[in-house]
Amino acid sequence: MNVTNIAGRVLGTASTNAVGSDAYFNGIQDILPIDGGREVLVADLLNHCIRKVDTQTRVVSTFAGICGRAVPLPDKSSLALKTVLEFPQKIIANEEEDTFYYLLHDRVVKHDMLSG
């Protein structure tokens, strides 16, 4: 059995996008392979964002949300949902419709990739 660290650092937490062990996560809750396993989406709970990891190049980038920041919002308008993901816990994909659903601590939001 061969186990390889693709991304992230042991004993380190932050919201840094980088390559491999130079990238930081803070409370991974869920992962979801996409694009036939070439990429993995990561629900980064305490960074309040969804991250994308390229499993071949090991590059970590922000897929949705603003990593490192959860701003309380007076209203949950669709514009606000595009930038703020408070405590993402689970990711579900409907690849036929190019849509992702995120389970947050108090709601479920839909991310339609075709409309932004």
Side-chain angles (χ1 to χ4, degrees):
M1 177 170 67
N2 185 16
V3 177
T4 303
N5 183 36
I6 296 172
R9 179 176 295 229
V10 176
L11 300 178
T13 60
S15 60
T16 306
N17 287 327
V19 177
S21 62
D22 290 332
Y24 286 86
F25 297 93
N26 194 359
I28 294 173
Q29 291 297 298
D30 192 27
I31 61 171
L32 176 71
I34 59 171
D35 296 332
R38 177 169 161 54
E39 298 175 316
V40 177
L41 296 183
V42 177
D44 196 344
L45 180 77
L46 298 176
N47 279 325
H48 311 287
C49 62
I50 305 296
R51 314 283 284 284
K52 181 171 67 174
V53 180
D54 185 305
T55 60
Q56 295 175 4
T57 65
R58 301 173 52 219
V59 170
V60 176
S61 58
T62 301
F63 184 75
I66 301 172
C67 285
R69 185 173 303 178
V71 179
L73 298 172
D75 76 273
K76 306 293 185 190
S77 67
S78 61
L79 177 62
L81 292 177
K82 290 182 181 179
T83 58
V84 176
L85 299 176
E86 298 157 329
F87 304 104
Q89 298 172 21
K90 180 129 182 90
I91 309 164
I92 299 172
N94 182 339
E95 293 191 51
E96 291 177 9
E97 295 179 9
D98 212 10
T99 301
F100 295 91
Y101 295 89
Y102 310 131
L103 171 64
L104 306 181
H105 81 286
D106 63 355
R107 64 192 186 282
V108 174
V109 297
K110 179 180 177 182
H111 183 177
D112 185 344
M113 297 301 292
L114 299 177
S115 65

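Partners of Gln56 by side chain to side chain donor-acceptor pair (under 3.5 Å), not counting sequence neighbours, listed by chain and number: Arg38. Shown here are the side chain to side chain donor-acceptor pair (under 3.5 Å) partners of Thr62, two or more places apart in sequence or in another chain: Asn17.
Looking only at side-chain heavy atoms (C-beta outward), Leu85 and Val109 come within less than 4.5 Å of each other. Contact of the Asp22 side chain with the Arg9 side chain is registered, since non-hydrogen atoms from C-beta on lie closer than 4.5 Å. You'll find the side chain of Phe100 reaches within 4.5 Å of the side chain of Leu41, heavy atoms only. For the pair Val42 and Phe63, the minimum side-chain heavy-atom distance is 4.5 Å or more. Using a 4.5 Å heavy-atom cutoff, the side chains of Thr99 and Lys110 are in contact.
Under the side chain to side chain contact (heavy atoms under 4.5 Å, CB included) test applied with Lys90, the options Leu103, Leu104, Val108 reduce to a single match, Leu103.
With a 6.0 Å cutoff to the six-membered ring centre and a 45° limit on the axis angle, Arg51 counts as a cation-pi contact of Phe25.
Hydrophobic side-chain contacts under 4.5 Å tie Val59 into a cluster, directly or through other members, with Val19.
Under a 3.5 Å cut-off, the side chain of Asn47 and the backbone N or O of Ala14 do form a donor-acceptor pair. Between the side chain of Thr55 and the backbone N or O of Gly37, at least one donor-acceptor pair lies under 3.5 Å. Checked by atom type and distance alone, the side chain of Asp30 pairs as donor or acceptor with a backbone atom of Ile91 at under 3.5 Å.
When only modelled atom types and interatomic distance are considered, Tyr101 and His111 share no side-chain donor-acceptor pair under 3.5 Å.
Of all heavy-atom pairs between Ala18 and Ala23, the closest is CB-N, 3.7 Å. Asn5 and Ala7 get closest at one heavy-atom pair: OD1-O, 3.2 Å. What you find for Gln29 and Gln89 is that their closest heavy atoms are CB-O, 3.4 Å.
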Steps toward side-chain contact (heavy atoms from CB on, under 4.5 Å) verdict (Val40, Ile34)
CA-CA 6 Å; Val40 177; Ile34 59 171; over 6 Å; no
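When hydrophobic clusters are built by joining Ile, Leu, Val, Met, Phe, Trp and Tyr residues whose side-chain heavy atoms come closer than 4.5 Å, directly or via intermediates, Ile50 is not grouped with Ile28.
Distance CZ/Phe87 to SG/Cys49: 12.0 Å, rounded to 0.5 Å. Here the OG atom belonging to Ser21 is positioned 6.0 Å from the CZ atom belonging to Arg58, to the nearest 0.5 angstrom.
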